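Read the structure below first, then the notes.
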Amino acid sequence: MNNTIFFVSGNKNKFNEILPVMLKNNIQIQYFKQDLIEIQSKRIEEIAKQKAKDAYNFIQKPVLVEDDGLFIEELKGFPGQYSSFIYETIGNDGILKLLKNIRDRKAVFKAVIAYFDNNIEKYFTGEINGKIVEKKLGFGWGYDPIFVPEGFTVSFGQLHENGKKYQISHRFIATKKFCNWFNKYRDEKRN
Ligand code: ITT
């Protein structure tokens, strides 16, 4: 039986971070580049679930998709479910401008990973607390240069550069949960 899962996303950076975790857990996964429409919802879980169904309808194979959001406390959770749009419009510089002179810079990065194979629908969440920097630190991708996870003095961007980000991120937490579930599910299907 072919157990390959297709990771459907327009953003290959996500796949690059998920892949080593999947390989370590003996899960075969391939990247399938496709931009997915994001429904309007306050909950990224709902957005991810819908993305998984759309991705399945598109390729008719077991799929995994992911929806993320950066929730900044002082901005009442903004950009949250709009993180993709806000990144493409005002970007990291815009976020830093919004937080100018604001002392409380707490933020949470959330990931929802959704699986769908026409038989079962599952989703897994991961969250990491942290804060928004005053000045960009390092590179990485997306919001990496402006987010410092709790317990660290360096940004996701700097952790990305030294190969550590994928082992601690919101995505890692959600992916680990997925792997634990999927390996049991796959064994049950085999027996
Ligand atoms: P999809 O095609 O998978 O939807 P996307 O890039 O639109 O890709 P999301 O809506 O899930 O993905 O992501 C919201 C935004 O958060 C987007 O701008 C990402 O670049 C950014 N983002 C998500 N995870 C990140 C991470 O680990 N580090 C930095 N930025 C991240």
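In listed order, ligands and their atoms are each counted from 1. In this text the structure is predicted, and so the values were computed from the model without any measurement.
Ligand 1 lies within reach of F109, whose nearest heavy atom is under 4.0 Å from it. The shell of residues lying under 4.0 angstrom from ligand 1, judged by heavy atoms, includes E38.
When each atom of ligand 1 is checked for a heavy atom of E66 under 4.0 Å away, the hits are 3 (O), 11 (O). Listed by atom number, the atoms of ligand 1 under 4.0 Å from S9 heavy atoms are 1 (P), 2 (O), 3 (O), 8 (O).
For D93 and K136, the salt-bridge test passes: some basic side-chain N is under 4.0 Å from an acidic carboxylate O. Ion pair R105/E74 not flagged as a salt bridge, since none of the NZ, NE, NH1 or NH2 atoms sits closer than 4.0 Å to an Asp/Glu carboxylate oxygen. Salt bridge annotation for D67-K49: absent, with no cationic side-chain nitrogen under 4.0 angstrom from a carboxylate oxygen. The pair E17-K165 counts as a salt bridge, with a side-chain nitrogen and a carboxylate oxygen less than 4.0 angstrom apart. With respect to E134 and K100, no salt bridge is recorded, no charged nitrogen being found less than 4.0 Å from a carboxylate O.
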For Y56 and D54, what are the C-alpha separation, side-chain angles and deciding distance, and is it a side-chain hydrogen bond (donor to acceptor under 3.5 Å, both in side chains)? CA-CA 5 Å; Y56 183 87; D54 292 347; over 6 Å; no
Evaluation steps, ring pair (Phe, Tyr, Trp, His ring centres under 6.0 Å), between F32 and F7: CA-CA 6 Å; F32 189 98; F7 184 79; over 10 Å; no
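For a threshold of 3.5 Å applied to N or O pairs, the pair formed by S84 and ligand 1 contains at least one separation below that value. An N or O contact shorter than 3.5 Å is missing between E17 and ligand 1 by distance.
Between Y115 and F178, the gap from one ring centroid to the other is short of 6.0 Å. Taking the six-membered ring for Trp, F147 and F109 have ring centres closer than 6.0 Å. Aromatic ring centroids of Y143 and F156 lie 6.0 Å or more apart.
Remark: minimum distance from atom 18 (O) of ligand 1 to any protein heavy atom is reached at Y87 CB, 3.4 Å. Closest to atom 27 (O) of ligand 1 among all protein heavy atoms lies K165 NZ, 2.7 Å. With respect to atom 2 (O) of ligand 1, the closest heavy atom belonging to the protein is G10 N, 2.7 Å. Here the protein heavy atom with the shortest distance to atom 28 (N) of ligand 1 is D144 OD1, 2.6 Å. The protein heavy-atom contact nearest to atom 21 (C) of ligand 1 is Y143 CD1, 3.7 Å. Here the heavy atom of the protein found nearest to atom 24 (N) of ligand 1 is R171 NH2, 2.9 Å. Protein heavy atom nearest atom 4 (O) of ligand 1, with residue, atom name and distance: K51 NZ, 2.7 Å. Shortest contact from atom 9 (P) of ligand 1 to any protein heavy atom: K14 NZ, 3.5 Å.
Scanning F85, F172, Y166, W141 for the heavy atom closest to atom 20 (O) of ligand 1 points to W141.
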